[in-house]
Amino acid sequence: MTVKTILSTKGNNVVTIEPTATLEQAIAMLAQHRIGALVVTGAERCVIGILSERDVVRAMWTRGAAAFKEPLSQTMTREVVICVETDAINDIMERMSDGRFRHIPVVAQNRLVGIVSIGDVVKQRLSEMQSESEALRDYIQTA
Ligand code: AMP
């Protein structure tokens, strides 16, 4: 199973934001869309950063309310681990576990084409496990 399998069910929609937006605007988007991270994009949807709720918590702890009015580029993570549609879901799980993050933007020809979250990976693995156990049950019953 690959990243493409996940995108084929969840689609290509990604909530993005520009690096010049304020942290306050980013927080509003996270809350309104009920999501845990925003992909920060530049020209032609290239990925230039990621801002997660954890970054917001850290900014509040270190800089307090002053951080609200700052551009989110001061808070985002710039070294973003990305993936492509042909990457195996097992590799994605490994990258998330090694990097201790829960989101990986999907890129094609340098442009953002989707996002995979740890929730998407868990959902996909559960459905695979269900199919496997049903196939085994059928096999045992017909053997
Ligand atoms: P998360 O667990 O995804 O909410 O993010 C935890 C931390 O990892 C935050 O500092 C994020 O900015 C950062 N982060 C999230 N996703 C990625 C990614 N794909 N590559 C690099 N850092 C990330």
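Here the structure is a predicted model, which means the values were calculated and not measured. For ligands, and for the atoms within them, numbers begin at 1 and follow the listed sequence. Heavy-atom basis, side chains included; hydrogens, waters and symmetry copies ignored.
Contact annotation: the side chain of I89 approaches that of V121 to within less than 4.5 Å [non-hydrogen atoms, C-beta and beyond].
For residues 84-99, the set of pairs meeting the side-chain hydrogen bond (donor to acceptor under 3.5 Å, both in side chains) definition, not counting sequence neighbours, comprises D87-R95. Residue pairs meeting the salt bridge (Lys or Arg N to Asp or Glu O under 4.0 Å) criterion with at least one member in residues 56-78, sequence neighbours excluded: E24-K69, D55-R58, R63-E70.
E128 and R125 are joined by a salt bridge, as a carboxylate oxygen and a charged side-chain nitrogen come within less than 4.0 angstrom of each other. Salt bridge R102/E53: present, at least one basic N to carboxylate O contact under 4.0 Å.
Taking a 4.5 Å side-chain heavy-atom cut-off between Ile, Leu, Val, Met, Phe, Trp and Tyr, the cluster of V84 contains only that residue.
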Tabulated below should be the N or O atoms of ligand 1 paired with protein N or O atoms at under 3.5 Å; can you produce that?
residue, atom, partner, partner atom, Å
ligand 1, 2 (O), R102, N, 3.0
ligand 1, 2 (O), R102, NE, 2.7
ligand 1, 3 (O), R102, N, 2.8
ligand 1, 3 (O), H103, N, 3.4
ligand 1, 3 (O), H103, ND1, 2.7
ligand 1, 4 (O), S52, OG, 2.7
ligand 1, 4 (O), R102, NE, 3.4
ligand 1, 4 (O), R102, NH2, 2.8
ligand 1, 5 (O), S52, OG, 3.4
ligand 1, 10 (O), D55, OD1, 2.5
ligand 1, 10 (O), T77, OG1, 3.4
ligand 1, 12 (O), D55, OD1, 3.3
ligand 1, 12 (O), D55, OD2, 2.5
ligand 1, 12 (O), T77, OG1, 2.6
ligand 1, 16 (N), H103, O, 3.1
ligand 1, 19 (N), V81, O, 2.9
ligand 1, 19 (N), H103, O, 2.8
ligand 1, 20 (N), V81, N, 2.8

